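Positions are given from 1 along the sequence. All of these numbers come straight from a predicted model, not from anything done at the bench.
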Amino acid sequence: MKKEDTVKLISAEGFEFVIDKNAAMVSQTIRNMLTSPGSFSETQHGVVRFPEISTPILEKICQYFYWSLQFASGKETEFYIEPELTLELMMAANYLHT
């Protein structure tokens with residue numbers, strides 16, 4: 001996979017998730033950050049920092065992006081969310097418009 005086909009998402013603790021750009025585009029917020037006209041850092045470098053999203057939550061969000069792509073292609077599977085992550089995950093999902 002080429003570098004321009006990936007996006008690096010960085011959690012509050014500095015953990016880096018390198019994911020497929022198509023998966024990241026599931027989020028309207030990330031899509032806007034990466035495709036906005038102008039010379040924004042996210043657009044130029046393909047790196048998005050989330051200082052308010054913890055590593056476990058960002059990991060679950062990345063899993064959801066890939067699950068969403070599979071679901072959209074017709075593969076129906078369940079997406080399990082641990083109860084202890086629910087509230088923080090809902091807040092992050094709201095911010096990311098996913």
Side-chain angles (χ1 to χ4, degrees):
M1 188 177 298
K2 297 181 215 169
K3 184 175 173 143
E4 60 268 7
D5 294 336
T6 62
V7 175
K8 186 185 294 185
L9 307 180
I10 303 175
S11 72
E13 296 84 8
F15 194 90
E16 299 178 354
F17 296 90
V18 179
I19 65 171
D20 183 82
K21 192 172 187 175
N22 290 330
M25 294 294 193
V26 167
S27 164
Q28 186 64 45
T29 301
I30 294 174
R31 178 181 302 145
N32 289 342
M33 289 177 172
L34 296 174
T35 60
S36 295
S39 57
F40 294 105
S41 172
E42 294 86 358
T43 305
Q44 292 178 348
H45 304 293
V47 176
V48 183
R49 297 181 195 289
F50 295 104
E52 301 294 326
I53 301 178
S54 68
T55 298
I57 297 301
L58 191 55
E59 178 180 21
K60 196 67 170 179
I61 289 168
C62 291
Q63 291 170 1
Y64 172 78
F65 291 162
Y66 284 104
W67 176 86
S68 181
L69 290 179
Q70 289 180 344
F71 188 81
S73 68
K75 183 178 179 185
E76 293 187 30
T77 59
E78 198 171 303
F79 185 75
Y80 178 75
I81 298 172
E82 295 83 357
E84 62 273 10
L85 299 180
T86 304
L87 180 60
E88 198 174 347
L89 192 58
M90 285 175 44
M91 292 188 307
N94 183 52
Y95 170 71
L96 295 171
H97 297 279
T98 56

Please check if the number of heavy atoms outside Arg31 that lie under 6.0 Å from its CZ is greater than 12. yes

Contact summary for Pro51 and Ala12, nearest pair of heavy atoms: O-CB, 3.2 Å

Is it true that Leu34 and Val18 fall in one hydrophobic cluster, defined by side-chain heavy atoms closer than 4.5 Å? no

Do Phe71 and Tyr64 share a hydrophobic cluster (ILVMFWY, side-chain heavy atoms under 4.5 Å, transitive)? yes

Taking all non-hydrogen atoms of both residues, which atom of Ala92 and which atom of Ile53 are closest, and how far apart? CB-CD1, 4.1 Å

Same apolar cluster: Ile10 and Leu96, side chain cutoff 4.5 Å: no

Would you name the heavy atoms of Leu89 and Lys60 that are closest together and state the gap between them? CD2-CG, 3.9 Å

With a 4.5 Å limit on heavy-atom distance, are the side chains of Phe65 and Ile30 in contact? yes

For the side chain of Thr29 and the backbone of Tyr95, is there at least one donor-acceptor N/O pair under 3.5 Å apart? yes

Hey, is the main chain of Asn32 close enough, under 3.5 Å, to the side chain of Ser36 for a donor-acceptor pair? yes

Once rounded to the nearest 0.5 Å, what's the spacing between atom CD of Gln63 and atom OH of Tyr80? 12.5 Å

On a heavy-atom basis, which atom in Met33 and which in Glu42 lie closest, and how many Å separate them? O-CB, 3.7 Å

Under 3.5 Å, side chain of Thr55 to main-chain N/O of Ser11, donor-acceptor pair present? no

List the steps and the verdict of side-chain hydrogen bond (donor to acceptor under 3.5 Å, both in side chains) for Glu88 and Ser54. CA-CA 9 Å; Glu88 198 174 347; Ser54 68; 3.1 Å; yes

Cluster overlap Ile19 with Val26, hydrophobic side-chain contacts below 4.5 Å: yes

For Glu52, I'd like to know if atom CD has over 12 heavy atoms of other residues, nucleotides or ligands within 6.0 Å. no

Is it the case that one hydrophobic cluster holds both Leu58 and Val48, taking links as side-chain heavy atoms less than 4.5 Å apart, direct or via other members? yes

Is there a donor-acceptor pair closer than 3.5 Å between any side-chain N or O of Thr86 and the backbone N or O of Pro83? yes

Taking Tyr66 for its side chain and Asp20 for its backbone only, find out whether a donor-acceptor pair lies under 3.5 Å. yes

